[in-house]
Amino acid sequence: VYEAQVLSITVVNEKLLPGFVTGDFELLPHCVQSNHFLFFNLSLRTATIWKTLSPFWGEEYTVHLPPYFRTVSFYVLDEDSLSRDDVIGKVSITKEVLTAKPQGVDGWMSLTEIDPDEEVQGEIHLQISVLGDGDIPRKLCCQVLEARDLAKKDRNGASDPFVRVRYNGKTYESTVVKKSCYPRWNESFEFELDETLADTGLLSVEVWDWDLVSRNDFLGKVLFNINKLQSAQQEEGWFRLGPDKSKHSEYEGTLGSLRLQLRLRDEVVLPSSHYKPVTELLSQSVGSQLNGNWPDFIMLIDETTTAESRQEVANNLVKLFLGQGLVKEFLDVLFKLELEKTTEPNTLFRSNSLASKSMESFLKVAGMQYLHRLLGPIINRIFEEKKYVELDPSKVELKEAGCAGLHRQQTESDIIQQSSSLLQSYLSELLTSILQSASYCPLLICQVFHQLYLRVQECFPDPEYRKVKFIAVTSFLCLRFISPAIMSPKLFHLREKHADARTSRTLLLLAKAVQTIGNMDTLACCSKEPWMVCLQSAIQQGITQLKDFITKLVNCHEPEDLELQTRMSLQCGTMEKEGFLFLHRTKDKCMPMTSPFKKYYVTLSKDTLSYSRTQHSKKSLFISLPKIRAVEKVEEKCFGSANVMQIISSEDSGQMGCEKGYLMSVNELNHWLSALRKACSHNTNTMSCYHPGIYKADRWSCCHQKEKSDPGCDKTRHGVTLQEWYDPLDPDLEAQLIYQHLCSVQHDCFDLTDQKKVDGLSKLFSILQDLHDAHAAVEEEERSKNKNLFLELQT
């Protein structure tokens with residue numbers, strides 16, 4: 001049994017008040033704890049939108065978080081090339097708000113000013129006890145042991161923390177620990193217990209950053225109810241630091257607003273055996289032995305799924321059937337259901353039905369590597385050339401195009417002619433790539449398109465519908481996969497940043513041409529947009545080429561040779577990642593050698609992490625994934641950068657090895673952290689704590705401990721990951737999500753049975769009830785384990 005907290009984030013756009021600020025905007029969504037600045041080693045950054053007061057991002061993230069997270073915060077910044085970025089404001093949403101709205105939060109949220117007393121993070125380790133009994137006056141003893149992951153308040157990337165303990169008008173302060181966010185004090189403070197304040201007395205433990213010149217900075221506090229403490233007599237543990245009371249801001253409501261779409265899925269995933277009945281029922285519904293009632297269960301899901309949840313249900317079903325090896329059969333059932341409901345071939349697969357959404361999800365999961373290989377070169381060429389391309393006379397801007405010669409300004413016709421030539425060049429290169437891609441398209445995608453092609457041909461056999469079987473394939477391949485990726489390459493991970501306005505227009509025009517070819521109707525496009533006529537011959541030639549490609553693609557559904565067999569490696573769930581990293585290798589646990597960071601090409605495969613000097617040179621260094629014990633971030637002060645991670649592994653000699661990798665951007669760091677953690681998710685010898693600093697000058701830079709064998713001063717975060725298209729399949733989680741969906745539409749199933757006979761419905765309800773009972777038993781067991789006053793002590 002494990003708990004999965006999956007947060008889906010869509011950053012849409014922002015409205016700022018006119019004249020508030022002019023500049024370039026970036027947005028940093030941070031996952032934080034208890035209104036704190038705790039990132040869980042995961043800080044996401046959107047692209048910068050240049051020179052606008054109303055930026056649009058449209059970016060989506062899915063993050064796996066630990067159960068104890070409390071708040072997610074979004075910081076809007078104005079990017080500056082020379083100085084530090086300016087923070088405009090933030091939006092914070094608590095876990096309670098997200099949990100109260102299981103269908104998600106969607107709307108405009110006002111930005112608030114940053115209050116330093118609210119930007120706290122970390123935990124403090126305390127032992128609190130009540131001493132004395134009988135006639136002896138009782139005393140309240142607070143032992144301050146250590147703290148971890150405190151906020152960095154000083155320019156050196158650390159803080160100088162001390163603790164201030166208050167009770168009944170008396171105050172004690174600990175010593176100051178210099179330059180550490182992981183201080184250790186081991187100091188005790190005693191107070192005379194005032195029995196008259198038993199019900200209202202509070203013990204306050206505050207953490208501050210000491211400053212010599214300016215005022216001390218607040219780092220967080222914990223409040224304890226003494227009445228509850230007397231019942232427990234003694235408690236020890238880690239307590240989350242909380243913010244001070246928020247102050248009224250003079251800028252409240254004047255900083256603009258941010259539109260967000262958030263949904264938190266808090267799921268308890270049971271052992272696989274509990275999901276076997278529902279998985280078997282789904283498998284039987286798409287199997288070959290269906291006794292004449294083949295679509296009953298899938299039809300039930302199709303007809304009870306609402307438009308709002310259809311995409312998510314499609315994602316879950318596709319991943320579950322991929323794990324079962326039945327995705328081809330599942331999509332075939334959906335094709336049959338869709339064709340049964342379609343009478344007009346021009347509308348086939350054009351609606352957002354379960355079939356369309358499932359096929360779209362399938363292509364993204366199983367075909368993303370194929371898409372990157374197909375579109376990568378042409379997208380990179382367009383980004384690098386940054387040519388001005390415009391075919392619409394009403395949108396031509398002469399000043400953007402520049403001069404044709406030394407003294408001659410380009411005319412409108414010159415620009416359109418030049419743009420037409422460029423677009424035809426881009427389109428020709430793309431179509432050539434598409435034709436060649438038949439040799440490396442994943443076998444599973446070929447098989448699915450083969451089924452679709454045959455089903456449509458059987459349904460529309462008449463000669464006047466001879467194009468429909470091609471259009472059915474292109475409606476998914478071109479209109480729902482290739483064209484969206486061309487228009488928004490960042491959302492498909494083809495580029496790290498959004499395109500500028502000029503490049504975006506070029507991509508849009510190219511995507512329009514691809515859509516026209518996919519529709520296989522040049523006249524319809526030219527009638528709506530007459531300025532596309534200059535591309536008519538290229539589009540007509542493209543239609544012929546695309547038909548040849550589809551014919552070749554749908555006939556490559558059997559692995560007849562070695563080349564087709566190798567295509568299986570491009571299917572989903574292979575967990576491979578590669579790219580250049582700057583590495584700082586150590587011989588013993590976190591003992592940096594004198595050599596600087598060196599550039600290596602790093603490849604993460606199924607079993608190993610390997611290094612080489614260049615992409616194509618021989619791999620010279622290997623780390624076995626089962627030997628990796630932790631993958632964590634390194635403190636910023638260690639190397640002057642926040643984008644450094646460490647890979648701690650055990651070597652054959654019994655010693656610990658530590659590789660430190662420096663990455664250029666925070667998003668690049670997050671992707672590597674996430675990929676490595678997921679690749680090592682089944683390792684058994686993982687570490688529960690680690691040192692975020694380095695061992696230098698006979699002590700750890702993070703907590704100042706002198707023993708190299710010290711176990712660590714911060715907890716590891718193995719489960720904090722980003723969801724990616726190449727993730728390994730998790731059939732138990734997908735089955736749990738499908739179970740939750742079926743429970744939500746259970747009443748609709750009763751209404752459906754009044755009109756249609758659905759075989760096995762009673763069996764389905766019995767399975768759902770068994771899963772409900774299993775969840776109830778797990779919840780009761782967890783409640784009995786967690787009967788502890790430790791968490792109730794905090795007020």
Side-chain angles (χ1 to χ4, degrees), residues 102-103 265 267 270 274-343 348-349 351-362 365 448 451-452 455 459 731-775:
Q103 297 306 315
R265 298 298 301 264
E267 303 291 345
L270 303 172
H274 290 277
Y275 299 109
K276 189 175 180 181
V278 71
T279 303
E280 288 179 348
L281 192 60
L282 283 164
S283 300
Q284 291 168 9
S285 67
V286 300
S288 56
Q289 307 296 326
L290 296 166
N291 301 322
N293 292 311
W294 54 269
D296 280 354
F297 194 16
I298 300 300
M299 179 185 67
L300 182 70
I301 296 174
D302 185 19
E303 298 193 8
T304 56
T305 303
T306 62
E308 293 77 15
S309 61
R310 195 167 289 139
Q311 183 66 70
E312 183 180 357
V313 173
N315 288 338
N316 298 332
L317 287 170
V318 164
K319 290 181 179 179
L320 185 139
F321 281 113
L322 272 168
Q324 297 295 315
L326 292 170
V327 71
K328 183 174 65 172
E329 291 76 9
F330 163 65
L331 292 171
D332 193 32
V333 169
L334 291 180
F335 295 155
K336 294 176 185 177
L337 287 171
E338 186 80 1
L339 287 166
E340 280 188 350
K341 295 184 286 186
T342 304
T343 56
L348 185 62
F349 299 116
S351 65
N352 289 322
S353 63
L354 185 63
S356 297
K357 291 295 186 182
S358 297
M359 191 64 181
E360 191 176 325
S361 297
F362 166 70
V365 174
V448 169
Q451 283 182 166
L452 175 62
R455 293 298 178 198
C459 189
D732 292 342
L733 176 59
E734 305 305 334
Q736 168 65 22
L737 295 174
I738 292 170
Y739 154 71
Q740 290 287 17
H741 170 72
L742 291 172
C743 289
S744 67
V745 299
Q746 196 164 350
H747 293 293
D748 296 331
C749 295
F750 281 114
D751 296 337
L752 188 65
T753 52
D754 294 338
Q755 305 168 17
K756 299 180 180 180
K757 181 178 180 297
V758 181
D759 290 346
L761 196 62
S762 58
K763 182 179 180 181
L764 169 63
F765 292 155
S766 175
I767 291 172
L768 296 182
Q769 185 59 48
D770 290 343
L771 280 169
H772 175 78
D773 294 342
H775 276 283

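Bear in mind that the values here come from a model prediction, so they are computed numbers and not experimental data.
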Exercise. Taking only residues two or more places apart in sequence or in another chain, which ones pass ring-ring contact (aromatic ring centres under 6.0 Å, His included) with F349?
Worked result: F335, F476
Do the non-hydrogen side-chain atoms of [X] and [Y] ever get within less than 4.5 Å of each other?
| X | Y | result |
| --- | --- | --- |
| Y739 | V278 | no |
| E338 | R455 | no |
| K763 | L281 | yes |
| I298 | L334 | yes |

Exercise. Would the number of heavy atoms belonging to other residues, nucleotides or ligands and lying under 6.0 Å from NZ of K341 be above 12?
Worked result: yes
For this session: Please report the C-alpha distance between H775 and H274 in whole Å, then the side-chain angles of each, then the deciding distance to 0.1 Å, and finally whether the side-chain contact (heavy atoms from CB on, under 4.5 Å) criterion is met.
Result: CA-CA 10 Å; H775 276 283; H274 290 277; over 6 Å; no
[X] [atom1] to [Y] [atom2] distance, which is reported to the nearest 0.5 Å:
| X | Y | atom1 | atom2 | answer |
| --- | --- | --- | --- | --- |
| C459 | L348 | SG | CG | 7.5 Å |
| I738 | L317 | CD1 | CG | 4.5 Å |
| Q103 | E308 | CD | CD | 8.5 Å |
| M299 | T304 | CE | OG1 | 10.0 Å |

Exercise. Between S361 and K357, is there a donor-acceptor pair closer than 3.5 Å when you use the side chain of the first and the backbone of the second?
Worked result: yes
Problem set entry | Candidate pair K319 and L733, rule side-chain contact (heavy atoms from CB on, under 4.5 Å), full reasoning | CA-CA 10 Å; K319 290 181 179 179; L733 176 59; over 6 Å; no
Where [X] and [Y] come nearest, the two heavy atoms and their spacing:
| X | Y | result |
| --- | --- | --- |
| P731 | L320 | O-CD1, 4.3 Å |
| L764 | L742 | CD1-CD1, 4.1 Å |
| V333 | S285 | CG2-O, 4.3 Å |
| L354 | R310 | N-CD, 3.5 Å |
| Y275 | L270 | OH-N, 3.0 Å |

Donor-acceptor pairs under 3.5 angstrom involving side-chain atoms of residues 766-774: please list them, not counting sequence neighbours.
unit_1 : atom_1 : unit_2 : atom_2 : d
Q769   : NE2    : D773   : OD1    : 2.9

Extract all donor-acceptor atom pairs below 3.5 Å that involve side chains of residues 324-331 and protein atoms in other chains or at least two apart in sequence.
none

Exercise. Could you walk me through whether I301 and L282 pass the side-chain contact (heavy atoms from CB on, under 4.5 Å) check?
Worked result: CA-CA 10 Å; I301 296 174; L282 283 164; 3.9 Å; yes
Exercise. Going through the distances and angles, do F362 and S358 end up as a side-chain contact (heavy atoms from CB on, under 4.5 Å)?
Worked result: CA-CA 6 Å; F362 166 70; S358 297; over 6 Å; no
